[in-house]
**Q** 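Take this structure, written in structure tokens, and hold onto it; I'll ask about it next.
Both ligands and their constituent atoms are indexed starting at 1 by order of listing.
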Amino acid sequence: MPGSLSALVWLPLLAAAGTGALDDGQALVPPMGLNTWNAFGANISEAVVKEMADLMESLGLVAAGYRYLVLDDGWSDPERTQDGRLQADRQRFPSGKRPACLPNSIKALSGYLAGKGLLLGVYSDSGGFTCQGFPGSRGHEAEDARSFADWGVSLLKYDNCYTHDDLLERFVAMRDALNATGRPILYQLCEWGIGDPWLWGPRVAHTWRTTFDIHSSWASVMQNLDESIGLARYAGPGHWNDLDLLEVGTFGPQPNGWEGVHGASLGPEPGGAWQWATPPRVRGQYLSEKEERAHFALWAILKSPLFIAADLRRMAASSLAILRSKEVIAINQDPLGVPGDLIWKSGPKEIYAASLSGGGRAVVLHNRHSILSHLQAANITVRWAQLGYAPEERAAVRDLYRQQDLGMHAGSFTAEVRLHDVAVLRITPQDPQPAQEAWRPWQGQPMFERHEEDEGWIPEPLRAAEGRQGDQQ
Ligand code: GLA
């Protein structure tokens, strides 16, 4: 795996430790950054990426913890070089026109980002082509991984288009190729949650998507949330469930006419420019401020990677404030690394909780009642017993979006939560005990018990590979 330990060493070590995780020191907390896909589609360029990097710095997003800038689909040229290497599109990434002896455009870009305190990520696909028809890495894993390492790439998002079977072999092949480069490259799987990646993902990558693509509607955000409930127990430091990009500050139609993931590609024009069909369906309603707040807090507490998908040149101040919410981000980045999960639900009222380092809890009280409801708000009560505390425990309650202390409480806390909104709380016992860190949100939740068939389940290709590595020791 990417990192300092070679696969020969770490696979048997992990098997012995029984963790099943990569444990290479990367992604100890969920990665944060910006990904170009939902705002720009495949229409990305060196100029726009640099603009995003400048804005990430000047808007305080780098300081808030967003470290990666990921070029999603569309950065590469439709053709590989004569010696089979991937190359950036030469029109949209003009530094690539330099003589071969000078750094190519992607390398130049990673240097530019480094000057802003940012790390560069790129996208490729485990099939013959990317989802937008650019060259995929199938059969080219070793040379592509080498190119990424040579260019100073620090993250690879690896997709699942133009493929049929052998899903695991494809993703494992790139894991091994990245590892062989010796450069730490955070590995983000994107197989859309279709092969139960939470069961085997910890052995293969640092993050795995749990769902198909998100888009900017409340329905889409709730769908990705619902499909990820119950999966917290599979994630932890170095291996995270990825609920997909943040729809905070994202809009419908883009200035260039590109409407995000609903556009259908027609393929390149003869001149090489990419053409897009009229979107086949009307883009969903984008999120209200309350919905953006709820979405961000839910992604934060479930410990999804936090990747901004907005065009930073045209973002509302309220969206920027949400993305910079220091204390909500701190839940996501808490060093204990315990993902939150749903711990209680009654119709539209929901409670999510996570254990925090030092014995505290993060809690999100969520009201997802229909906006057609005549009720404007609902009272939601979290009881200490639901958080693994004694009912008489006295604990400080703090509102993390408002950054306000709400006093000491024993037994429970009730908040009034508006429709499609959240109360995001940190609960800190008066006399916190390190042992209180041991509580897990899925503990005592029959719905979230691990099933026997999941226990120790290692897909055959991985088992075979690990057996072979073990034999060589
Ligand atoms: C797939 C992925 C998206 C995005 C696009 C790019 O749909 O799931 O996240 O990377 O491909 O084409």
Side-chain angles (χ1 to χ4, degrees), residues 31 33-45 48-49 52 68-78 86 88-89 92 120-138 144 148 153 155-164 167 170-171 174 186-195 197-198 201 205-217 220-221 223-224 227-228 240-248 250 254 258-268 274-277 279-281 283-284 299 304-311:
L34 179 144
N35 173 299
T36 54
W37 179 246
N38 285 11
F40 304 104
N43 192 16
I44 44 176
S45 65
V48 93
V49 170
M52 290 303 112
Y68 294 93
L69 202 167
V70 181
L71 307 183
D72 207 284
D73 209 350
W75 63 270
S76 73
D77 195 271
L86 286 174
D89 180 284
R92 290 182 284 112
L120 177 67
V122 293
Y123 161 102
S124 189
D125 193 284
S126 61
F129 298 93
T130 72
C131 298
Q132 300 304 317
F134 293 96
S137 289
R138 185 62 169 151
D144 290 356
F148 302 147
V153 166
L155 178 152
L156 175 67
K157 171 175 171 181
Y158 207 45
D159 213 338
N160 200 27
C161 276
Y162 291 97
T163 57
H164 301 290
L167 184 144
R170 285 185 276 112
F171 287 108
M174 185 51 92
L186 196 144
Y187 188 27
Q188 291 197 306
L189 295 194
C190 178
E191 58 77 87
W192 318 311
I194 58 178
W198 40 91
H206 299 103
T207 71
W208 52 86
R209 281 268 296 275
T210 54
T211 67
F212 284 110
D213 296 3
I214 198 166
H215 55 92
S216 61
S217 77
S220 170
V221 170
Q223 181 172 340
N224 282 21
E227 289 178 9
S228 307
W240 306 103
N241 292 306
D242 176 356
L243 279 67
D244 206 1
L245 307 175
L246 292 167
E247 293 293 351
V248 177
T250 55
Q254 300 297 306
W258 157 247
E259 301 205 18
V261 293
H262 301 312
S265 72
L266 291 177
W274 207 252
Q275 263 198 334
W276 298 98
R281 61 190 164 108
R283 192 179 175 89
W299 263 229
S304 173
L306 298 178
F307 277 82
I308 299 169
D311 180 344

**Q** Of the listed options (T36, D213, D159), which comes nearest to atom 7 (O) of ligand 1 when hydrogens are ignored and any heavy atom counts?
**A** D213
**Q** For the side-chain contact (heavy atoms from CB on, under 4.5 Å) test, which of L245, L243, N241, D244 pairs with S304?
**A** L243
**Q** Decide yes or no for N43 and R92: does some side-chain heavy atom of the first lie under 4.5 Å from some side-chain heavy atom of the second?
**A** yes
**Q** If we ignore angles and hydrogens, is there a donor and acceptor under 3.5 Å between the side chains of N38 and T250?
**A** no
**Q** Would you please determine whether T130 falls within less than 4.0 Å of ligand 1 on a heavy-atom basis?
**A** no
**Q** Report yes if W192 has an N/O atom closer than 3.5 Å to an N/O atom of ligand 1; otherwise report no.
**A** yes
**Q** Which atoms of ligand 1 are found less than 4.0 Å from any heavy atom of Q132?
**A** 12 (O)
**Q** Would you kindly specify which portion of C190 sits under 4.0 Å from ligand 1, judged on non-hydrogen atoms: side chain, backbone, both or neither?
**A** side chain
**Q** Below 4.5 Å, heavy atoms only, C-beta onward: do P31 and L186 meet side chain to side chain?
**A** yes
**Q** Taking the side chain as every heavy atom from C-beta outward, state whether Q132 and W37 have any atom pair closer than 4.5 Å.
**A** yes
**Q** For K157, take its heavy atoms, then give the atoms of ligand 1 lying under 4.0 Å from any of them.
**A** 3 (C), 4 (C), 9 (O), 10 (O)
**Q** Can you tell which of D73, D72, N160 gets a heavy atom nearest to atom 12 (O) of ligand 1?
**A** D73
**Q** Holding to side-chain hydrogen bond (donor to acceptor under 3.5 Å, both in side chains), I want the full list of residues that pass it with D159, two or more places apart in sequence or in another chain.
**A** Y123, W192
**Q** Only heavy atoms of C131, strictly under 4.0 Å: list the atoms of ligand 1 that pass.
**A** 1 (C), 11 (O), 12 (O)
**Q** For V221 and W299, what are the C-alpha separation, side-chain angles and deciding distance, and is it a side-chain contact (heavy atoms from CB on, under 4.5 Å)?
**A** CA-CA 10 Å; V221 170; W299 263 229; 3.8 Å; yes
**Q** Within a distance under 4.0 Å of any heavy atom of Y123, pick out the atoms of ligand 1 and give their elements.
**A** 6 (C), 10 (O), 11 (O), 12 (O)
